[in-house]
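Here the structure comes first, spelled out in structure tokens, and everything after it is commentary.
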Amino acid sequence: MRGMDLSEVAARLRAARHVACLTGAGVSAESGIPTFRDPQTGLWARFDPQALATPQAFAAEPAWVWGWYEWRRSLVARAAPNPAHRALALLEARVPRFTLITQNVDDLHERAGSRRVLHLHGRLAESHCEQCARRLEPGTPATLPEGGAPLEPPRCPGCGGRYRPGVVWFGEALPQAEWQAAADAAGACDLFLCIGTSSLVQPAASLSEVASRAGALTVQVNPASTGLDARMSAVLRGPAGQILPQLLAAAWP
Ligand code: BV8
Ligand code: ZN
């Protein structure tokens with residue numbers, strides 16, 4: 001059923017027994033974190049993802065890649081959760097079962113109070129040794145110019161290997177446990193929220209299709225249109241930081 005409005009979605013949200021939610025960079029946009037594909041401001045508009053977010057890039061230019069992630073860590077450290085993150089943390093407590101799945105590598109969902117977050121693409125704050133997987137204790141990110149600057153990745157004290165960012169690069173497999181839990185939730189939920197994602201990256205983007213095929217109501221929250229709009233039960237057009245608080249207020253007045 002197309003074109004449900006916010007109040008109809010709110011009624012379905014209130015009655016839902018299991019809500020699953022996939023978030024993308026758009027949820028962190030109002031915290032000042034650049035998205036990936038927004039024209040001009042997106043990270044991929046200014047930096048080439050193939051030159052920065054692949055294992056090959058890190059092997060070829062470790063200092064550039066490490067410096068770029070260190071710059072992004074400093075952005076996240078200076079950012080604060082926005083009303084979208086806070087609304088999702090509230091929603092977790094309002095519905096009988098809630099599964100939050102994110103493509104984001106920042107920790108803003110956690111800092112807003114979300115207790116269980118499935119990170120499909122890893123976490124910016126967690127680096128590990130390429131050789132022995134030893135974890136690097138997160139320190140204070142260096143202050144770097146826009147886009148970062150070459151910074152040698154630290155060396156593992158255990159084996160001398162290089163530390164790498166704890167994110168999933170293009171061509172790398174998603175963490176198995178998180179992916180399985182996300183796919184299970186998409187297939188079991190009765191309402192699937194798809195918030196702030198261009199739905200261009202696989203396999204994350206396939207989750208709303210899994211939910212739809214399993215009979216869930218699928219709802220897109222995005223100021224811009226995406227390729228999945230036509231397949232959604234409802235599209236709420238606008239920034240998540242405005243739409244989500246309105247949706248919760250309408251569902252639980
Ligand atoms: C895999 C790294 C297989 C971390 C990211 C050819 C060659 C190789 C691979 C492929 C290929 N073709 C396809 C693939 C698969 C590839 C892929 O999907 N490529 C796409 C781009 C074509 N996928 C992979 O490689 C994945 N791995 O397939 O492995 C495999 C299997 C087994 C064994 C070995 C291998 C890995 C995918 C993860 C890649 N990592 N990032 C980092 O640096 O951050 S991708 C990057 O895109 C981020 O992780 C991000 O999470 C993800 C999705 O982006 P979005 O979150 O949607 O952000 P975007 O900017 O695109 O959109 C923002 C949206 O928000 C917009 O719609 C905008 O309108 C909206 N918005 C803006 N403001 C607001 C808002 N919404 C709400 N409110 C607002 N205020
Ligand atoms: Zn090591």
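Remember, it's 1-based here, ligands and their atoms both numbered in the order they're listed. Computation of the quantities below employed the complete heavy-atom set of this structure, encompassing side-chain atoms and omitting hydrogens, waters and symmetry-equivalent molecules. If you read the sequence from its start, that first residue is 1, and numbering goes on from there. Values in this document were obtained by computation on a predicted structure and should not be read as measured data.
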Checklist entry - Would you say the side chains of Ser233 and Thr218 form a donor-acceptor pair under 3.5 Å? => result yes
Checklist outcome for this item: For atom 40 (N) of ligand 1, the closest protein heavy atom turns out to be Val168 O, 2.8 Å
Item to check | Aromatic ring pairing Trp68/Phe47, orientation class (parallel under 30°, perpendicular over 60°, tilted between) | outcome: perpendicular
Identify each donor-acceptor pair in which a side-chain atom of residues 151-163 lies under 3.5 Å from a protein atom, sequence neighbours left out, and give them as a table.
{"unit_1": "Arg155", "atom_1": "NH1", "unit_2": "Gly160", "atom_2": "O", "d": "2.9"}

Item to check | Protein heavy-atom partner closest to atom 18 (O) of ligand 1 - residue, atom, separation in Å | outcome: Gln202 N, 2.8 Å
Checklist outcome for this item: So for Ile195 against ligand 1, with non-hydrogen atoms under 4.0 Å, the contacting part is neither
Checklist outcome for this item: The atoms of ligand 1 lying under 4.0 Å from a heavy atom of Ala240, numbered in the order shown, are 77 (C), 78 (N), 79 (C)
Checklist entry - Quick one: nearest non-hydrogen protein atom to atom 44 (O) of ligand 1, plus distance? => result Arg72 NH2, 2.8 Å
Checklist entry - Does the protein put a heavy atom less than 4.0 Å from atom 78 (N) of ligand 1? => result yes
Next on the checklist: Can you tell me how far apart CG (Asn82) and OG (Ser28) are? Round to the nearest 0.5 Å.
Outcome noted: 7.0 Å
Checklist entry - Going by the order shown, which atoms of ligand 1 are within less than 4.0 Å of some heavy atom of Ala224? => result 69 (O)
Checklist entry - Distance from Glu137 atom CD to Glu126 atom CD, nearest 0.5 Å? => result 9.5 Å
Checklist entry - At a 4.0 Å threshold, what atoms of ligand 1 neighbour a non-hydrogen atom of Glu30? => result 78 (N), 79 (C), 80 (N)
Next on the checklist: I need the atoms of ligand 1 closer than 4.0 Å to a non-hydrogen atom of Gly24, numbered in the order shown.
Outcome noted: 56 (O)
Checklist entry - To which protein heavy atom is atom 37 (C) of ligand 1 closest, and what is the distance rounded to 0.1 Å? => result Val201 CG1, 3.6 Å
Item to check | Sub-4.0 Å atoms of ligand 1 with respect to non-hydrogen atoms of Tyr69 | outcome: 42 (C), 43 (O)
Checklist entry - Quick one: does Gly42 get a heavy atom under 4.0 Å from ligand 1? => result no
Next on the checklist: Run the side chain to side chain donor-acceptor pair (under 3.5 Å) test on Thr35 and Asp38 for me, step by step, so that the C-alpha distance in whole Å, both residues' side-chain angles and the decisive distance to 0.1 Å come before the verdict.
Outcome noted: CA-CA 6 Å; Thr35 63; Asp38 278 331; 2.8 Å; yes
Next on the checklist: Can you check atom 6 (C) of ligand 1: any protein non-hydrogen atom closer than 4.0 Å?
Outcome noted: no
Checklist entry - Do any nitrogen or oxygen atoms of Gly196 lie less than 3.5 angstrom from nitrogen or oxygen atoms of ligand 1? => result yes
Next on the checklist: Evaluate Leu120 against Leu207 for side-chain contact (heavy atoms from CB on, under 4.5 Å), listing each step before the verdict.
Outcome noted: CA-CA 11 Å; Leu120 296 183; Leu207 290 171; 4.0 Å; yes
Item to check | Salt-bridge contact Glu178-Arg123 (side-chain N to carboxylate O under 4.0 Å) | outcome: no
Next on the checklist: I need the nearest protein heavy-atom contact for atom 20 (C) of ligand 1: residue, atom name and distance, please.
Outcome noted: Leu200 O, 3.6 Å
Item to check | Heavy-atom side-chain proximity of Val235 to Asn222 below 4.5 angstrom | outcome: no
Item to check | Within-cut-off N or O pair, Trp44 and ligand 1, under 3.5 Å | outcome: no
Checklist entry - Roughly how far, to the nearest 0.5 Å, is the CD1 atom of Ile243 from the CG atom of Leu248? => result 12.5 Å
Next on the checklist: I'd like to know if the side chain of Arg135 reaches the main chain of Ser127, judged simply by a donor and an acceptor atom lying under 3.5 Å from each other, with no hydrogens or angles considered.
Outcome noted: no
Checklist entry - Is ligand 1 under 4.0 Å from a heavy atom in the side chain of Glu172, in the backbone, in both, or in neither? => result backbone
Item to check | Protein non-hydrogen atom found under 4.0 Å from atom 14 (C) of ligand 1 | outcome: no
Next on the checklist: Students should be able to answer this: which protein heavy-atom is nearest to atom 72 (C) of ligand 1, and at what distance?
Outcome noted: Asp38 OD2, 3.5 Å
Checklist entry - Are Ser114 and His85 close enough, and set up right, to give a side chain to side chain donor-acceptor pair (under 3.5 Å), and what steps lead you there? => result CA-CA 8 Å; Ser114 291; His85 296 109; over 6 Å; no
Item to check | Expected output: side-chain Gln103 to main-chain Thr197 donor-acceptor under 3.5 Å | outcome: no
Checklist entry - Would a search of protein heavy atoms around atom 10 (C) of ligand 1 find one under 4.0 Å away? => result no
Next on the checklist: Treating Asp190 as the side-chain partner and Arg17 as the backbone partner, does any N or O pair qualify as donor plus acceptor under 3.5 Å?
Outcome noted: yes
Checklist entry - Ignoring hydrogens and geometry, is there a side-chain-to-backbone donor-acceptor pair from Glu30 to Gly241 under 3.5 Å? => result yes
Checklist entry - Where on Gln103 is there a heavy atom closer than 4.0 Å to ligand 1, on the side chain, on the backbone, on both, or on neither? => result both
Checklist entry - Side chain, backbone, both or neither: which part of Ala173 has a heavy atom under 4.0 Å from ligand 1? => result both
Item to check | Top protein contact for atom 74 (C) of ligand 1, by heavy-atom distance | outcome: Gly26 O, 3.5 Å
Next on the checklist: How far is atom 54 (O) of ligand 1 from the closest protein heavy atom, and which atom is that?
Outcome noted: Arg37 NH1, 2.8 Å
Next on the checklist: Within the structure, is a non-hydrogen atom of Gly171 found at a distance of less than 4.0 Å from ligand 1?
Outcome noted: yes
Item to check | Arg73 side chain vs Leu124 backbone, donor-acceptor pair below 3.5 Å | outcome: yes
Checklist entry - At what distance, to the nearest 0.5 angstrom, does CG of Asp107 lie from OG1 of Thr102? => result 11.0 Å
Next on the checklist: I need the atoms of ligand 1 closer than 4.0 Å to a non-hydrogen atom of Ala29, numbered in the order shown.
Outcome noted: 73 (N)
Checklist entry - Got a protein heavy atom sitting under 4.0 Å from atom 2 (C) of ligand 1? => result yes
Checklist entry - Where's the contact between His121 and ligand 1, heavy-atom distance under 4.0 Å: side chain, backbone, both or neither? => result side chain
Checklist entry - Do any nitrogen or oxygen atoms of Ser198 come within less than 3.5 Å of a nitrogen or oxygen of ligand 1? => result yes
Checklist entry - Looking at Ala25, which atoms of ligand 1 are within less than 4.0 Å of one of its heavy atoms? => result 55 (P), 56 (O), 58 (O)
Item to check | Heteroatom proximity flag, Asn222 to ligand 1, N/O under 3.5 Å | outcome: yes
Checklist entry - Does Glu8 reach the main-chain N or O of Asp5 with its side chain, forming a donor-acceptor pair under 3.5 Å? => result yes
Next on the checklist: Just to be sure I read this right, does ligand 1 sit under 4.0 Å from the backbone of Val167, its side chain, both, or neither, counting only heavy atoms?
Outcome noted: side chain
Checklist outcome for this item: So for Val105 against ligand 1, with non-hydrogen atoms under 4.0 Å, the contacting part is side chain
Item to check | Close side-chain approach of Leu91 and Leu13, heavy atoms under 4.5 Å | outcome: yes
